[in-house]
Q: 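Let me begin by handing over the structure; questions about it come next.
In listed order, ligands and their atoms are each counted from 1.
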Amino acid sequence: MIKENIERVRRRIGQACVKIKADPGKITIVCVTKGRTVIQIQEAASYGLKDIGENRVQEAMEKYKQFSGLTWHMIGHLQSNKVKEAVKIFDFIHSVDSISLVQAIDKQAARINKIQDVFLEVKTSPEAAKFGFSSQALNVACAEITKLRNIKIKGLMTIAPLVSNAEEARPYFAELRQLRDKLNPAWLLSMGMSDDFLAAIEEGADIIRLGRAIFEDNV
Ligand SMILES: *Cc1c(COP(=O)(O)O)cnc(C)c1O
């Protein structure tokens, strides 16, 4: 089932890319493995999904030990008391949602001589996410974060609200793209989940985060 799901996802990504004349090779699928077993992760990785997304540090640490050669993405809200461990294992932290958090990440990264790649989470809709910078707060946040020596901003991340029709998520993705274009056109966009990734790709997503579309039937 995982194999068929991945093939189906790739076909759909291909179709969305044809529509917007983009190279499907530029889209990274982060395989979201929260609540999934090590065996499921192995299977997904064997079909080429080497980017793994987890939303809890503890769960990620247990799984991380059992793999090599994968790229780990923190996608859930990060508590300050978990920063030290998170910086040790995650290649990317997508869920940077406050200045104090990113300062804590910088401090821990400096201790282990690491430049931590991060995405700034943006609250594009008030109802979708509890966490994230408002679009208005981003300018100031970026100026502050740019001063931190052990942080590299790779892009912006958002979670669209749960909607019955993926088309309704599109304006939130468009908003993230516009913010990115304004702040730094070189940044990547981490946006789109199982129910709305096609709309996200059409609005310029570079990284989509998929759980159910890979591991469950009939998504
Ligand atoms: C769980 C999760 C996903 C994946 O959601 P699916 O609907 O299973 O594709 C993506 N991003 C974040 C931040 C998540 O917590």
Q: Keeping to residues at least two apart or across chains, list the side-chain hydrogen bond (donor to acceptor under 3.5 Å, both in side chains) pairs with something in residues 185-200.
A: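 Only His94-Ser190, Ser190-Arg209, Asp195-Arg212 qualify under side-chain hydrogen bond (donor to acceptor under 3.5 Å, both in side chains).
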Q: Whether Asp206 and Lys26 form a salt bridge (side-chain N of Lys/Arg under 4.0 Å from carboxylate O of Asp/Glu) is what I want to check.
A: yes
Q: Hey, are Lys34 and Glu59 close enough for a salt bridge, meaning a charged N less than 4.0 Å from a carboxylate O?
A: no
Q: For the pair Gln116 (side chain) and Phe90 (backbone), establish whether a donor and an acceptor sit closer than 3.5 Å, ignoring hydrogens and angles.
A: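 Yes; judged by distance alone, with no hydrogens or angles, the pair exists.
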Q: State plainly whether the residues Glu85 and Lys88 are in salt-bridge range, i.e. N to O under 4.0 Å.
A: yes
Q: Return the residue, atom name and 0.1 Å-rounded distance of the protein heavy atom closest to atom 11 (N) of ligand 1.
A: Arg209 NE, 2.9 Å
Q: Find all atoms of ligand 1 within a distance of less than 4.0 Å from any non-hydrogen atom belonging to Leu210, and give their numbers and elements.
A: 9 (O)
Q: Tell me which protein heavy atom sits closest to atom 5 (O) of ligand 1, plus the residue, atom name and distance to 0.1 Å.
A: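 For atom 5 (O) of ligand 1, the nearest protein heavy atom comes out as Met193 CE, 3.6 Å.
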Q: Are any of the N/O atoms in Val32 less than 3.5 Å from those in ligand 1?
A: no
Q: Regarding Glu7 and Arg11, does a basic nitrogen lie under 4.0 Å from an acidic carboxylate oxygen?
A: no
Q: For Arg212, counting its heavy atoms only, list the atoms of ligand 1 lying under 4.0 Å from any of them.
A: 6 (P), 7 (O), 8 (O), 9 (O)
Q: Check each atom of ligand 1 against the heavy atoms of Gly211 and keep those under 4.0 Å away; list them by number with element.
A: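 Counting atoms of ligand 1 from 1, those under 4.0 Å from Gly211 are 4 (C), 6 (P), 8 (O), 9 (O).
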Q: Record the part of His94 in heavy-atom contact with ligand 1 below 4.0 Å; permitted values are side chain, backbone, both and neither.
A: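 Near ligand 1, His94 shows nothing, with every heavy atom at 4.0 Å or more.
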Q: Could an N or O of ligand 1 be found under 3.5 Å from any N or O of Asn55, whether backbone or side chain?
A: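 No: no nitrogen or oxygen of Asn55 is under 3.5 Å from one in ligand 1.
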Q: Could you tell me whether Ile75 approaches ligand 1 through its side chain, its backbone, both or neither, with non-hydrogen atoms closer than 4.0 Å?
A: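 For Ile75, the contact with ligand 1 is made by both the backbone and the side chain.
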Q: Just to verify, what does Asp51 make a side-chain hydrogen bond (donor to acceptor under 3.5 Å, both in side chains) with, not counting sequence neighbours?
A: His73
Q: Taking non-hydrogen atoms only, is Ile159 closer than 4.0 angstrom to ligand 1 via side chain, backbone, both or neither?
A: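 Near ligand 1, Ile159 shows its side chain, while the N, CA, C and O stay back.
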Q: Measure up the His77 and Phe131 rings against each other and bin them: parallel (under 30°), tilted (30 to 60°), perpendicular (over 60°).
A: parallel
Q: Which of the numbered atoms in ligand 1 are under 4.0 angstrom from any heavy atom belonging to Lys34?
A: 1 (C), 2 (C), 3 (C), 14 (C), 15 (O)
Q: Which residue owns the protein heavy atom closest to atom 6 (P) of ligand 1, what's the atom, and how far is it?
A: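 Its nearest protein heavy-atom neighbour is Ser194 OG, 3.5 Å.
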